[in-house]
Protein chains: 2
Amino acid sequence: MSPRPGSRRAVTVADIARAAKVSKATAARALGDYGQVSDAVRSRVLAAAEELNYRPNALARSMNTGRSNTIGVVVGDIENPFFAHAMRGISDVANREGYDVILTNSDEDVEAEQAAVDVLLDKQVDALIVAPASSARVGHLAAVGAAGRPLVLLDRRADGRPYDSVTVDNRAAAARATAELLAEGHRRIAFISTHDHPAGVYTPGDTITMSSVADRVAGVMEALTDAGIPSPEQNIRLDARRRGVEAVARDLLEGDDPVTAVIASDSLIAMTVFQTIRTLGLSIPGDVSLISFDNPEWTGITTPPLTVVEQPIYELGAAAARLALQRIHGERVDDAAVVFDADLLRRASVGPAPRAGAPVAALSETEGRNTP
Amino acid sequence: MSPRPGSRRAVTVADIARAAKVSKATAARALGDYGQVSDAVRSRVLAAAEELNYRPNALARSMNTGRSNTIGVVVGDIENPFFAHAMRGISDVANREGYDVILTNSDEDVEAEQAAVDVLLDKQVDALIVAPASSARVGHLAAVGAAGRPLVLLDRRADGRPYDSVTVDNRAAAARATAELLAEGHRRIAFISTHDHPAGVYTPGDTITMSSVADRVAGVMEALTDAGIPSPEQNIRLDARRRGVEAVARDLLEGDDPVTAVIASDSLIAMTVFQTIRTLGLSIPGDVSLISFDNPEWTGITTPPLTVVEQPIYELGAAAARLALQRIHGERVDDAAVVFDADLLRRASVGPAPRAGAPVAALSETEGRNTP
DNA sequence: CTGAAAGCGCTTACAG
DNA sequence: CTGAAAGCGCTTACAG
């Protein structure tokens, strides 16, 4: 006569204690593998547990120990391959140490992020890993420390706060990508990001609220300025989310003074730019050179394959989890601000800048089409 | 004098009760928003909570209510875009209803899956959504029901068990893809999957342990058989994980009787096949037609763009979460075995079968190369 | 090594 | 509507 689903009562320590004819404390000690228990009693208890199909209640255990063996993670969007890969890195390291991971998406919205952080804290996660939607609006993150739990920032820093973080040297990476284009003679180089910049257009001196994007813009600006390009900011576009990547790309490609090279801040943007270039009848890299951040496999099989800035994304997540675990265990932390390098992977989407005044459109007639 | 991190004691119901000069029960009622509380008392309690920065302990709450507001999810690998998208569907629906999601990767290993299920059950998740690594080895899933909690299978069924499930009609989809190729005159059509089939080669009558793959093979076999193709099983390859997709693709493409069309069981396989075809100097679809399961954005920008079987992956996850929630709430469930259709998206990677004996290699010299 | 008791932070009958 | 008490399933001092 099995109990109805939902009404079934779980087997508890008390049941095992009764079956093994010992006290609850002793049964619990054998079951939980702590304290002192004689071998004879232990095996009696474990036999009873086996017999009754005992399973510990992790919640009850956490209530006492104050440790939930769970790490909370807040990312922008798990559908984004960047976060999916980072998440795998986090999970692998966490699981290996006996921790589970609660995943939440913020959709890069600060309010949603705050709500997620609060709920995760309420659920007593032992640590929190978050990719903050804004490096400027980070006040709500103080709740993590106030609750006495470690916080590790993923991919983005928090302005003026010394939280642990694992990031990529985006400034250097962006500068390197820009230098690569400058070396090929490009002068009109665009950078496109979908990070929402309130001001619409970017003006030097502006604060860009997502540190990763801010760093990339700084790197591009730096390289451009060093090369003596006038008004280096004019082709930096941070309005691609609002206006749509295609519209922005068309602007840049079709204006009076069209760019000859584009740096895409992620591979989704690169994909749209790639298509837009095609649609306009232009060729890569004949008319336009293209570099993308991130290296999903497809970038290797397009025609031409894309030159990319490859970030060690899995490692980023793994390092964040490692840091969190160290903090949880109260270990000494050598480097509370881990910074990874990103490599420039040269493939075939970068070429010499087309000569000014060359009949670009004509050239592209034969080269720039899909051939289905 | 703030307490040291780690040693800080959280503010509890008892603290609030003391501050508001009411009993713990009353404070808890106001805080937890249940039972009866007078407006006057409620506002006094809430003011005290605000003042002391009270946050409920969700674990303690769960201990009493028996509900953790958490759903456990076990997928093969969150790095796989299929699961990343499904996960987003699950999260969105769950979060909207106030549930969090614990994510675990099984790496398609039954042992790891079982361990994950047990841990999630111990953590008192209110329901479990799992993509079982094997449709045959599912005994461990009985633990979910034994614990009185709902189980929903994602993407794959469990042989002979009536668990709730959300799947795609893979058989029909595979048959449709095959028919598309047959209609173009193809006779030697390959199907490649990385699902590990112990037997190595596929022989009609074999049991394929992952139901999604089994259904696809059945669909291909059915279409091929209906078309009167002899030995339709000869180009069905289930050894791609062990041997490597490229090696398998080369076999199929370079043998005495090379195939003229390939159906890839996922987009990662398609990517390698795509590259292999290129490497061999063959053209798509001139020499070889290619259809992939799944529709990641990159399949639209290759040259040529790929014809794909598009599965409603996000919806798959969302439906699984909806089902789980219905079961949690004890609602009536109309359809405990939700089956979605997958559409064939015609793009440009399918063309007429090349004439037998045509100088395939010569043709491809000029057509099949990357042009960087 | 073992047990009786108290406690983790809540919720839930049960009185009043 | 409010409160005192018991309880959720464990762990943790404290005795013995």
Return all side-chain donor-acceptor pairs below 3.5 angstrom for residues 328-336 of chain A, not counting sequence neighbours, or 'none' if the list is empty.
unit_1   : atom_1 : unit_2   : atom_2 : d
A:His329 : ND1    : A:Leu325 : O      : 3.1
A:Arg332 : NH2    : A:Asp334 : OD1    : 2.8
A:Asp335 : OD1    : A:Ala337 : N      : 3.1

Distance-only donor-acceptor pairs under 3.5 Å for side chains of residues 110-121 of chain A, two or more places apart:
unit_1   : atom_1 : unit_2   : atom_2 : d
A:Glu111 : OE2    : A:Arg137 : NH2    : 3.1
A:Glu113 : OE1    : A:Ala133 : N      : 2.6
A:Glu113 : OE2    : A:His140 : NE2    : 2.7

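Here B:Thr26 reaches the OP1 or OP2 of D:dG3: one of its side-chain N or O atoms lies under 4.0 Å away.
Under the side-chain hydrogen bond (donor to acceptor under 3.5 Å, both in side chains) criterion, B:Ser38 pairs with no residue, sequence neighbours left out. Residues passing the side-chain hydrogen bond (donor to acceptor under 3.5 Å, both in side chains) test with A:Arg42: none are found, sequence neighbours excluded. Listed by chain and number, the residues in a side-chain hydrogen bond (donor to acceptor under 3.5 Å, both in side chains) with B:Arg157 are B:Asp215 (sequence neighbours excluded). A:Ala48 meets the side-chain contact (heavy atoms from CB on, under 4.5 Å) test with A:Ile16, A:Ala19, A:Ala20; sequence neighbours excluded. Looking at residues two or more places apart in sequence or on another chain, you find no side-chain contact (heavy atoms from CB on, under 4.5 Å) involving A:Ser43. Residues satisfying the side-chain contact (heavy atoms from CB on, under 4.5 Å) criterion with B:Ala86, sequence neighbours excluded, are B:Leu154, B:Ile313.
At a non-hydrogen distance threshold of 4.0 Å, A:Ser38, A:Val41 from residues 38-46 of chain A come into contact with DNA chain C.
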- Note on the structure: Secondary structure of DNA chain D per the Watson-Crick/G-U criterion (both distances under 3.5 Å; [ ] crossing, | other strand, . unpaired) is |||.||||||||.|||
- Test log, rule side chain to side chain donor-acceptor pair (under 3.5 Å), inputs A:Thr70 and B:Lys123: CA-CA 10 Å; A:Thr70 305; B:Lys123 291 206 172 171; 2.9 Å; yes
- Between protein and nucleotides 6-13 of chain C, map the contacts as a letter string: B base, S sugar-phosphate only, - none, heavy atoms under 4.0 Å, written 5' to 3'. -BBBBBBB
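Residue pairs meeting the salt bridge (charged side-chain N to carboxylate O under 4.0 Å, His left out) criterion with at least one partner in residues 67-86 of chain A, sequence neighbours excluded, are A:Asp77-B:Arg88.
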